[in-house]
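Positions are given from 1, in the same order as the sequence printed here.
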Amino acid sequence: MTTVGVLALQGDVREHAAAVTALGAEVTLVRRPRELDEVDAIILPGGESTTIDKLLRAFDLREPLIARIEAGLPVLGSCAGMILLATDLVDGIEGQQTLEAIPMTVRRNAFGRQVDSAEASLTWLPDGSPMQATFIRAPWVESYGEGVEVLATADGADGTTHPVAVQFGVRIATAFHPEISDEPRVHQRLLDLI
């Protein structure tokens with residue numbers, strides 16, 4: 001059976017675990033490098049990107065996680081997870097590190113503060129169908145490199161349209177929280193990459 005790891009240091013761990021369990025996968029909560037070795041894919045949940053970054057280093061998970069992703073481990077990062085997967089950040093805090101897994105520049109808190117959190121209707125570009133998305137202090141993609149496929153876009157307060165879901169090989173990132181929108185397509189896309 002397929003086993004999906006959910007990085008369980010901080011954030012929407014239970015919600016992601018429930019989403020992949022509903023799709024028939026087993027879940028391993030990943031807090032240590034040895035747990036990372038047991039999974040067929042990994043989810044980096046929404047939460048606080050700076051806190052998750054610090055905890056990855058404190059739990060000696062940063063380097064093993066980078067190595068597994070570089071070796072082809074499918075990964076999904078939502079919200080804070082999108083920030084962690086970016087190669088470059090706009091509005092990051094001093095010393096904040098990313099995993100540099102997707103060639104993109106991401107702006108932290110691009111949609112505003114907590115009070116600006118909202119649901120939005122998007123178009124899921126792979127099949128053109130509508131999708132409800134929940135944005136909570138969400139980032140967006142400012143720019144991206146060759147090989148990055150845009151899966152969904154949203155209009156920002158700056159009046160321009162920005163990617164809010166992307167895929168680069170077996171690496172997926174969303175600015176929104178599919179785990180709390182009862183939206184299975186993003187998690188299913190991860191499972192299909194295994």
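Not one N or O on the side chain of Glu70 forms a donor-acceptor pair closer than 3.5 Å with the backbone of Gly72. Proximity of a side-chain donor or acceptor of Arg171 to a complementary backbone N or O of Ile69 within less than 3.5 Å is detected.
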Donor-acceptor contacts under 3.5 Å from residues 80-93 side chains, at least two apart:
residue: Thr87; atom: OG1; partner: Met104; partner atom: N; Å: 3.2
residue: Thr87; atom: OG1; partner: Met104; partner atom: O; Å: 3.0
residue: Asp91; atom: OD2; partner: Arg107; partner atom: NH1; Å: 3.0

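The distance from the CG atom of Leu7 to the CZ atom of Phe59 is 10.0 Å, given to the nearest 0.5 Å. Between atom CG of residue Leu76 and atom CG of residue Leu193 there is a gap of 9.5 Å, rounded to the nearest 0.5 Å. Atom CZ of Arg185 and atom CG of Leu23 lie 12.5 Å apart (nearest 0.5 Å). For the atom pair CG (Leu29) and CG (Leu9), the distance works out to 10.5 Å, reported to the nearest 0.5 Å. Between atom CH2 of residue Trp124 and atom CD of residue Gln132 there is a gap of 14.0 Å, rounded to the nearest 0.5 Å.
The same ILVMFWY cluster, assembled from side-chain heavy atoms under 4.5 Å apart, contains both Met131 and Ile172. Taken together through direct or relayed side-chain contacts under 4.5 Å among Ile, Leu, Val, Met, Phe, Trp and Tyr, Val150 and Ile102 form part of one hydrophobic cluster. In the hydrophobic clustering of ILVMFWY residues, with side-chain heavy atoms under 4.5 Å counting as a link, Leu61 and Leu44 come out together.
Using a 4.5 Å cut-off on side-chain heavy atoms (C-beta onward), Leu65 and Val30 make no contact. Under the 4.5 Å side-chain criterion, counting only non-hydrogen atoms from C-beta, Gln167 is in contact with Arg189. Between Leu151 and Pro126 there is a side-chain heavy-atom pair separated by less than 4.5 Å. Taking the side chain as every heavy atom from C-beta outward, Glu179 and Ile43 never approach each other to under 4.5 Å. Looking at Val75 and Leu99, their side chains never come closer than 4.5 Å, going by heavy atoms from C-beta outward.
Listed by first then second residue, pairs satisfying salt bridge (charged side-chain N to carboxylate O under 4.0 Å, His left out) with a partner in residues 49-65 read Asp53-Arg57, not counting sequence neighbours.
With sequence neighbours left out, His187 forms a ring-ring contact (aromatic ring centres under 6.0 Å, His included) with His16. Legend: residues meeting side-chain contact (heavy atoms from CB on, under 4.5 Å) with Gln10, ordered by chain and number and at least two apart, are Glu48, Thr51, Ile52, Leu55. For Glu38, there are no side-chain hydrogen bond (donor to acceptor under 3.5 Å, both in side chains) partners two or more places apart in sequence or in a different chain. Scored by the side-chain hydrogen bond (donor to acceptor under 3.5 Å, both in side chains) test, Gln188 finds Asp192 as partners (sequence neighbours excluded).
Of all heavy-atom pairs spanning Leu190 and Ile42, the tightest one is CD2-O, 4.3 Å. Shortest non-hydrogen contact noted between Val27 and Ala17 is CG2-O, 3.6 Å. Contact between Leu191 and Ala25 at its shortest, heavy atoms only, is CD2-CB, 4.0 Å. Across Cys79 and Ile136, no two heavy atoms sit closer than the pair SG-O, 3.5 Å.
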(message) Show, in sequence, the C-alpha distance, side-chain angles and deciding distance for Val148 and Val141, and conclude whether the side chain to side chain contact (heavy atoms under 4.5 Å, CB included) test is met.
(response) CA-CA 11 Å; Val148 174; Val141 177; over 6 Å; no

(request) Mind running side chain to side chain contact (heavy atoms under 4.5 Å, CB included) on Phe176 and Glu183 for me, showing each step along the way? (result) CA-CA 11 Å; Phe176 53 89; Glu183 173 48 65; 5.6 Å; no

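No hydrogens or angles considered: nothing links the side chains of Thr50 and Arg108 as a donor-acceptor pair under 3.5 Å. Counting only N and O atoms by type, the side chains of Thr2 and Glu26 include no donor and acceptor under 3.5 Å apart. Using a 3.5 Å distance cut-off with no hydrogens or angles, the side chains of Ser181 and Thr134 do pair a donor with an acceptor.
For Tyr144, the OH atom is loosely surrounded, since the number of other residues' heavy atoms within 6.0 Å does not exceed 12.
By the 30° and 60° cut-offs, the orientation of the rings of His162 relative to Trp140 is parallel.
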